[in-house]
There are 2 protein chains.
Amino acid sequence: MAFYGNQAEVRTEAKLRVQDAPRECHVGVCRAYGKRHAIFRQGDKAGHLYRVESGAVALEILLEDGRRQLVEILLAGDLFGFAVDGSFEETAIALEATVVCVMRQCDLERTDAVGWEVAHQTGRQITRAHDQLMALGRKNAQERICQLLLRFARDIGDRPCAEPGGGPEPIRLHVPLTRGEMGDYLGLSLETVCRTMSALKQLGVIAIGPRQGDVTILALDEVRRRAG
Amino acid sequence: MAFYGNQAEVRTEAKLRVQDAPRECHVGVCRAYGKRHAIFRQGDKAGHLYRVESGAVALEILLEDGRRQLVEILLAGDLFGFAVDGSFEETAIALEATVVCVMRQCDLERTDAVGWEVAHQTGRQITRAHDQLMALGRKNAQERICQLLLRFARDIGDRPCAEPGGGPEPIRLHVPLTRGEMGDYLGLSLETVCRTMSALKQLGVIAIGPRQGDVTILALDEVRRRAG
DNA sequence: CGCGGAATTGACTATCATCAAAGTTTGTGG
DNA sequence: CCACAAACTTTGATGATAGTCAATTCCGCG
């Protein structure tokens, strides 16, 4: 399949090493971004589509008065860069060391067959956005946070530390978001995120640390139940 | 263009008359739905794409405990029915007398060129979902309601009652949502919607009535400013 | 005219935001 | 390897916005 294929040019930026970088992409160019670097900004002229090769990207919207909302978190394989009137409504930021494949939209659109691939991708993203709307509109802080943890557990969690007794296995995962960013994604203040995480820890549902960003899910079914 | 074309079969349901019904669509079938009738339900097997020909459709998600969130409001021209794992995550409901064109996905996908049309549509819907995420995550009740009013003003508002003095023209519009539905879309209780609408009325920014669902925007710039 | 759903308004409550003050990690440079 | 600064996290006290419960009024339709 032309869209998911082949070799490409590579440029490194920030502190990424080349071996962290490109898988491959036919019609595009791979670029590496360091933590918190912008890939494009609100208002920039559009014209490219982007795919996350590795790492994680957040799309954020800023209001004039400084209010901030992360509207999407993208992981490996996800497409982004859809624009409506030729310019981006959102800023895309690498959440960690990240490699992105950049493809010129006009090149892509010359290949009809790719259209449906993109449509399926965007369909999935719409569904995810709708889930998030349910969370922000109707769920409380604990439910929102459990839902976010599950998202990372599904997409990047590993299950190494199996219990000998056959009990539920802890899931260790690394959340590449600060408390403030979690709040900006979940529509909460960073303090509420902290307090809610602490409460889940007290309940024995999760463990925090040892490093910043590390979370261990101790009771997956409890997290599921609380995510609603 | 094959996708936006041609003649089709028509079925009428509820109280819709035939002349309210179909424009045309090549690969699909037009159906008419009465107020509050479901087009498909959460959990139904997917396999079709739908386009609003006239009227308005809401997509809703229900939680087991009864909490409800309207995640999208679709007007004429909008596509819906994207599913991830072969079944719908959402229920689609006609907000008023509505005609929908139903197209089999496998038929559509035989035409490569249509893929990009769908992709552009879904791209627009993603942007709209992201705006709504900003609203639910970071905006207060007044801002959310002003944003919703602007959405209807842009898409269906007419500007008939021009001021003789050349002042700002009132915009009369009909919102096909009850207060409760507005709340379910905006992540608010129906009482908060009521109170906020009343406050905007007291401020002289809008007028309400004479019928249920009627709203007149008296000061468009004020609504814009408050929408953020 | 009268019934039922929708809208409005009031009183009280709860969740979450804000302000503030420590305490931890992380990364850098000597 | 240690020290220090900056960024991030945690916890507490207080307040504001919006939710819930309830009573009344209004509109739409038979």
Side-chain angles (χ1 to χ4, degrees), chain A residues 14-15 34-37 63 65-69 93 95-97 135-146 148 174-203 206-215 226 228, chain B residues 14-15 34-36 63 65-69 95-97 135-146 148 174-203 206-215 226 228:
Chain A
K15 297 180 187 172
K35 214 177 201 176
R36 264 80 214 179
H37 278 231
L63 256 37
D65 61 7
R67 279 177 289 180
R68 182 177 186 241
Q69 178 70 40
I93 291 186
L95 290 172
E96 52 190 357
L136 299 202
R138 292 302 184 201
K139 291 185 179 176
N140 64 25
Q142 195 176 77
E143 293 171 313
R144 295 183 205 183
I145 284 177
C146 286
L148 179 62
H174 184 79
V175 179
L177 300 171
T178 66
R179 296 288 184 263
E181 289 167 336
M182 291 174 68
D184 286 340
Y185 183 59
L186 299 173
L188 300 169
S189 69
L190 72 89
E191 294 92 334
T192 297
V193 174
C194 262
R195 274 188 261 269
T196 307
M197 298 278 286
S198 297
L200 289 170
K201 189 176 81 174
Q202 288 306 315
L203 291 166
I206 64 172
I208 295 174
R211 297 184 173 190
Q212 283 181 181
D214 288 348
V215 177
R226 286 160 203 271
Chain B
K15 296 180 187 171
K35 215 178 201 175
R36 265 78 212 180
L63 256 38
D65 60 8
R67 280 178 288 178
R68 183 177 185 242
Q69 178 70 40
L95 290 172
E96 54 190 357
L136 299 202
R138 292 302 184 200
K139 291 185 180 177
N140 64 24
Q142 196 177 76
E143 295 171 311
R144 295 183 205 184
I145 284 177
C146 286
L148 180 62
H174 184 79
V175 180
L177 301 169
T178 66
R179 295 288 184 263
E181 289 167 335
M182 291 174 68
D184 285 341
Y185 183 59
L186 299 174
L188 301 169
S189 69
L190 71 90
E191 294 93 334
T192 296
V193 174
C194 262
R195 273 187 263 268
T196 308
M197 298 277 286
S198 296
L200 289 169
K201 189 175 82 175
Q202 289 306 316
L203 291 166
I206 64 172
I208 295 175
R211 296 184 172 193
Q212 283 180 182
D214 289 347
V215 177
R226 286 160 203 273

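Labels below follow one simple rule: chain letters A, B, ... track the order of the sequence lines, proteins then strands, and each chain is numbered from 1.
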Discussion item. Just the rounded figure in Å: distance from C1' of C:dC16 to CD of A:E143.
Written reply: 14 Å
Practice prompt. With side-chain contact (heavy atoms from CB on, under 4.5 Å) as the test, would you mind laying out the steps for B:Q142 and B:L203 before giving the verdict?
Written response: CA-CA 12 Å; B:Q142 196 177 76; B:L203 291 166; 4.2 Å; yes
Discussion item. Which nucleotide wins on minimum distance to the side chain of A:L188, given the candidates D:dT20, D:dA18, C:dC16?
Written reply: C:dC16
Worksheet item: In whole angstroms, how far is the C1' atom of D:dA18 from the CD1 atom of B:I145?
Response: 11 Å
Fill in: Note, A:R36 side chain near A:L95 side chain (heavy atom, < 4.5 Å)
yes
Fill in: Rounded distance (Å) that lies between atom P of D:dT17 and atom CZ of A:R67
13 Å
Worksheet item: How long is the line joining CG of B:D65 and P of D:dG19, in whole Å?
Response: 15 Å
Worksheet item: Can you check the B:K35 NZ to C:dA6 C1' distance for me, whole Å?
Response: 11 Å
Practice prompt. Measure the shortest side-chain to side-chain distance between B:L188 and B:R195 over non-hydrogen atoms and say whether it is less than 4.5 angstrom.
Written response: no
Practice prompt. Please work out which residues in residues 135-142 of chain B have a non-hydrogen atom less than 4.0 Å from an atom of DNA chain D and list them by number.
Written response: B:N140, B:A141
Fill in: Atom-to-atom span, CZ of B:R68 to P of D:dG19 - whole angstrom
16 Å
Practice prompt. State which residues pass side chain to side chain donor-acceptor pair (under 3.5 Å) with A:N140; sequence neighbours excluded, sorted by chain then number.
Written response: none
Fill in: Residue pair A:A135 / A:R144: nearest heavy atoms and the distance that separates them
O-NE, 3.3 Å
Worksheet item: Please walk me through it: do A:R179 and A:Q212 pass side-chain contact (heavy atoms from CB on, under 4.5 Å)?
Response: CA-CA 10 Å; A:R179 296 288 184 263; A:Q212 283 181 181; over 6 Å; no
Worksheet item: Does any non-hydrogen side-chain atom of A:L148 lie less than 4.5 Å from one of A:L177?
Response: yes
Discussion item. Donor-acceptor pair, distance only, cut-off 3.5 Å: does the side chain of B:E96 make one with the backbone of B:K35?
Written reply: no
Practice prompt. Map B:P210 and A:Q202 onto DNA chain D by nearest heavy atom, then report which one ends up closer to the 5' terminus.
Written response: A:Q202
Item to complete: Could you tell me whether a side-chain N or O of A:R67 sits under 3.5 Å from a main-chain N or O of B:R138, the two making a donor and an acceptor?
Response: yes
Discussion item. Between P on D:dC26 and CG on B:D214, what's the gap in Å once rounded to a whole number?
Written reply: 18 Å
Discussion item. Just N and O in the side chain of B:S189: are any of them under 4.0 Å from OP1 or OP2 of D:dA18?
Written reply: no
Practice prompt. Would you mind building the protein contact string for nucleotides 5-10 of chain D? One character per nucleotide, 5' to 3', B for base within reach (heavy atoms under 4.0 Å), S for sugar-phosphate only, - for untouched.
Written response: ---SSB
Practice prompt. For B:R195, answer base if it contacts any base atom (sugar-phosphate contacts may also be present), sugar-phosphate if it contacts only those atoms, and nothing otherwise; contact means non-hydrogen atoms under 4.0 Å.
Written response: base
Worksheet item: Given that A:R144 and B:T192 both sit by DNA chain C, which one's nearest nucleotide is further toward the 5' end?
Response: B:T192
